[in-house]
There are 2 protein chains.
Amino acid sequence: MDHPPGRTPARVKDRPTWLISRTFARSSGLLAAGFESRGRGLRSYHYRLLAALDEWGPASQADLGRGTGIDRSDVTAALSELESRRLVERSVDPAHRRRNIVTITQAGVEQLLELDNVIDGVQEQVLKPLTTAQRRQFIALMAKLLATEDESPNG
Amino acid sequence: MDHPPGRTPARVKDRPTWLISRTFARSSGLLAAGFESRGRGLRSYHYRLLAALDEWGPASQADLGRGTGIDRSDVTAALSELESRRLVERSVDPAHRRRNIVTITQAGVEQLLELDNVIDGVQEQVLKPLTTAQRRQFIALMAKLLATEDESPNG
DNA sequence: TAGGCTATGTTGGTCGGGCCAACATAGACT
DNA sequence: AGTCTATGTTGGCCCGACCAACATAGCCTA
């Protein structure tokens with residue numbers, strides 16, 4: 001993730017795609033460190049699922065997948081891990097017996113709050129080199145960069 | 001990579017780390033598409049290695065690894081693939097018989113130029129939503145974000 | 001009512017980028 | 001001579017992201 005002595009080939013090092021990938025590496029490295037130190041072995045999928053359940057209330061696995069952008073199969077796996085930690089409960093939807101209704105537990109809510117803190121700290125670390133105004137700019141630029149995605153599928 | 005109907009949990013969707021990860025997903029998706037269409041099955045490791053060899057001249061695998069930030073073992077694998085396509089040649093360093101001297105071939109240079117074109121096109125696609133001034137800002141902000149890495153190891 | 005279609009959860013893969021451990025051995029340094 | 005480091009290589013792991021296939025529940029329609 002670091003390659004510090006790094007010269008980096010010239011045709012690589014100034015390209016936006018390269019900067020983006022380094023930025024992501026930095027961000028996800030800090031995130032991973034945060035999860036490792038206070039995340040009890042959970043990963044980003046778990047956080048996204050807990051967050052979705054907390055905000056949207058109980059949901060089926062398929063809905064969770066659609067809402068979070070996580071593949072159905074990965075949702076299944078991640079939920080099993082959350083369930084074994086009692087952070088989440090699965091029950092069959094009586095109206096639709098093929099469907100599971102997933103609910104966040106009290107312990108899940110608490111874990112989520114803890115992860116919130118970890119992640120908020122990481123935001124600070126990631127943006128540390130920038131001034132407040134620059135942070136705002138940076139965020140706005142990324143938002144604009146991504147805005148197309150929402151409007152035109154496959155855009 | 002897309003998750004278009006995506007609402008995305010609120011505590012997730014506005015965090016810089018999330019925007020960074022989406023930006024990266026967009027960028028690397030476009031890159032992958034470019035490599036697939038005109039990259040003859042090569043991937044980013046191959047490009048980085050070819051670029052390094054082209055710019056720095058023949059080098060040992062260890063030096064390539066250090067220069068590009070690619071792990072020694074991955075350098076070995078990627079070079080084998082490049083070698084089998086005749087884009088690169090390995091020869092034993094007579095002065096240090098444990099060391100390989102890797103050289104880019106003419107075909108390698110040509111492939112590199114082709115990849116350059118592909119990748120330049122991707123830069124354009126990635127930044128398309130931004131104005132020229134915004135692109136400059138965005139690049140400058142990322143450069144600043146990453147500048148710490150060079151100065152303080154593990155920073 | 002029977003047949004087909006879709007949605008759901010699950011299993012079991014693949015891939016790329018990034019790591020790490022272990023090993024044999026070539027050179028260097030003591 | 002003995003130790004230490006550097007090199008290339010093999011083989012593994014992890015995470016995030018996909019995909020294919022499957023059984024089956026529920027639907028909608030011929």
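The chains referred to below are lettered A, B, ... by the order of the sequence lines, with proteins before strands, and numbering in each begins at 1.
- Judged by distance alone, the side chain of A:R48 and the main-chain N or O of A:T68 form a donor-acceptor pair under 3.5 Å.
- By the side-chain hydrogen bond (donor to acceptor under 3.5 Å, both in side chains) test, B:K144 pairs with A:Q134, sequence neighbours left out.
- Less than 4.0 Å separates DNA chain C from no heavy atom of any residue of residues 33-47 of chain A.
- The residue among A:A77 and A:S21 whose nearest nucleotide of DNA chain C is located toward the 5' end is A:A77.
- Residues meeting the side-chain hydrogen bond (donor to acceptor under 3.5 Å, both in side chains) test with A:E124, sequence neighbours left out: A:R135.
- If you take CZ of A:F24 and C1' of C:dG17, they are 10 Å apart, rounded to a whole angstrom.
- A sub-4.0 Å separation between OP1 or OP2 of C:dA7 and a side-chain N or O of A:Q61 is absent.
- The side chain of A:R26 places no N or O atom within less than 4.0 Å of a non-bridging phosphate oxygen (OP1 or OP2) of C:dG18.
- Residues passing the salt bridge (Lys or Arg N to Asp or Glu O under 4.0 Å) test with B:R40: none are found, sequence neighbours excluded.
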Show each protein N/O and nucleotides 20-23 of chain C N/O combination with a separation under 3.5 Å, one pair to a line.
unit_1 : atom_1 : unit_2 : atom_2 : d
C:dC20 : N4     : B:D71  : OD2    : 3.4
C:dC20 : N4     : B:S73  : OG     : 2.6

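- Under the rule for a side-chain hydrogen bond (donor to acceptor under 3.5 Å, both in side chains), the partners of B:Q61 that lie at least two apart in sequence or sit in another chain are B:T76, B:R90, B:N100.
- Remark: A:E81 pairs with A:R43 by the salt bridge (Lys or Arg N to Asp or Glu O under 4.0 Å) rule, at least two apart or across chains.
- For the pair B:E81 CD and C:dC15 C1', the interatomic distance rounds to 12 Å; values are reported in whole Å.
- Atom C1' of nucleotide D:dA17 and atom CD1 of A:I70 are separated by 10 Å, given to the nearest angstrom.
- In this entry the distance linking CZ of A:R66 with C1' of C:dT6 reads 11 Å, nearest Å.
- Sequence neighbours left out, the pairs with a member in residues 50-61 of chain B that pass salt bridge (Lys or Arg N to Asp or Glu O under 4.0 Å) are A:R11-B:D54, A:R11-B:E55.
- Using a 4.0 Å cut-off on heavy atoms, the residues of residues 85-105 of chain B that approach DNA chain C are B:H96, B:R97, B:R98, listed by number.
- For A:E36, the CD atom sits in a loose shell: 12 or fewer heavy atoms of surrounding residues, nucleotides or ligands are nearer than 6.0 Å.
- Taking the salt bridge (Lys or Arg N to Asp or Glu O under 4.0 Å) definition, one finds that B:R15 meets it with A:D116, A:D120, sequence neighbours left out.
- With sequence neighbours excluded, the residues that form a side-chain hydrogen bond (donor to acceptor under 3.5 Å, both in side chains) with B:T17 are A:Q123.
- Legend: residues meeting ring-ring contact (aromatic ring centres under 6.0 Å, His included) with A:F24, ordered by chain and number and at least two apart, are B:F24.
- Between the CG atom of A:L31 and the P atom of D:dC15 there is a distance of 13 Å, given to the nearest Å.
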